[in-house]
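Following: one structure in structure tokens, then a few remarks.
Order of appearance sets the numbers: ligands from 1, and atoms from 1 within every ligand. Note that the structure is a prediction, hence the values are computed from the model and not measured. Worth knowing before you read on, the calculation uses all heavy atoms, side chains too, and leaves out hydrogens, waters and symmetry mates.
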Amino acid sequence: MHQALRLTCDKTALQANWRWLRDRSGVEAGAAVKADGYGLGARETVAALAEAGCTTFYVSTWAEAQALGVLPDGGSLAVLHGFGPDDGPAALASTARPVLNSAEQAARWREVAPGRTCDVMVDTGMNRLGLRAEEAGCLEGLEIDTLMSHLACADEDNAMNAVQLERFRQAAASIPAKRTSLANSAGICLGRDYSFDLVRPGLALYGGVPRAEAAEHIAQVARIEAQIVQRRTIRAGESGGYGATFTASADTEAAILNIGYADGYLRGFSARGCAFAGEMALPVIGRVSMDLIAVDCGAAADLKEGEWVEIDYDLPTASEQSGLSQYELLTALGKRFTRRWI
Ligand SMILES: *Cc1c(COP(=O)(O)O)cnc(C)c1O
């Protein structure tokens with residue numbers, strides 16, 4: 001069935017982003033592929049990154065681990081939400097490791113899967129998932145692959161970063177594990193003090209720019225194109241769209257595009273987003289509807305119904321336009337796209 005909306009993901013850009021993050025960190029780089037590869041496709045992401053040399057992958061849940069199926073040769077998978085009371089069957093049927101987050105999870109893992117390797121999250125200030133350092137006694141006898149923690153403010157120059165770094169150094173010195181890991185995408189930009197043995201980028205793999213240091217080095221991975229459903233002239237003095245928030249000051253050529261908030265193109269783009277016909281910018285006019293937007297196509301006078309235009313989805317730019325985070329921009333993308341990797 002034809003869909004008038006497509007999402008194209010660039011495998012070469014994904015791989016180049018991973019290599020840049022690895023080289024910047026100077027250590028082994030894994031990849032966070034939770035939320036179906038940040039909305040772009042976990043299987044495709046894993047295959048592309050395995051080809052580039054990545055061997056450690058992270059998902060959030062056992063359901064995501066199962067959906068990923070068999071990993072490429074030499075790959076390993078860790079489940080960030082750990083090992084909850086209902087995870088026994090899924091975990092036993094899987095080769096993935098849980099990232100144990102609490103004393104309860106540690107006790108449960110020891111009982112259900114004695115001798116099997118796990119990862120461990122220690123909390124160093126995020127207060128989300130993870131053990132407190134003083135609870136480390138509960139890990140006695142566990143076979144720990146990676147001891148990790150997660151930075152709360154790495155995308156900012158925040159005093160918290162150094163505090164978490166110091167706390168993690170202390171935890172790493174007292175909890176025996178094969179590897180240690182602290183940095184996400186933004187953490188990698190903070191410098192090699194944050195690298196430890198293994199880094200865990202997510203956002204920047206997919207074209208997100210977590211900090212200025214990465215701006216010139218991270219390539220766009222996801223591109224969106226929508227088809228023109230109708231062209232019309234909005235006459236001077238007439239309004240357009242829900243709420244009649246746009247009023248034409250002169251006759252305005254508009255293209256109505258097949259994308260809306262149900263596709264993840266949320267209302268923050270109203271009167272702020274942009275599409276492109278080649279080099280020509282076509283600004284969004286009026287409000288984003290559920291399935292449609294209107295763009296001013298005065299700059300591209302001969303655009304016709306049925307032609308495709310690219311929506312500006314460069315993540316830092318689109319984040320600025322919409323007020324959405326780069327993470328939200330990726331994971332909000334809906335089901336009506338024809339998705340392809342090139
Ligand atoms: C999501 C996640 C990452 C990746 O974070 P980004 O900010 O997307 O690079 C790394 N570690 C943990 C524990 C995560 O939950």
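In summary, the side chains of Glu328 and Ser325 do present a donor paired with an acceptor at a separation below 3.5 Å, with no hydrogens or angles considered. A donor atom on one side chain and an acceptor atom on the other are not found under 3.5 Å apart for Arg287 and Thr245. Inspection of the Arg272 and Ser322 side chains reveals no N or O donor paired with an N or O acceptor under 3.5 Å. Side chains of Ser319 and Gln326: a donor-acceptor N/O pair is absent below 3.5 angstrom, by distance only.
Residue Val229 belongs to a hydrophobic cluster whose other members are Ile256, Leu292, with links defined by side-chain heavy atoms closer than 4.5 Å.
Ion pairing of Lys178 with Asp197 is absent here, as no side-chain N (NZ or NE/NH1/NH2) approaches a carboxylate O to less than 4.0 Å.
Within 4.0 Å of ligand 1, the residues that place a heavy atom are Ala32, Lys34, Tyr38, Leu80, Met121, Arg128, His150, Asn184, Ser185, Arg200, Pro201, Gly202, Leu203, Tyr327, listed by chain and number.
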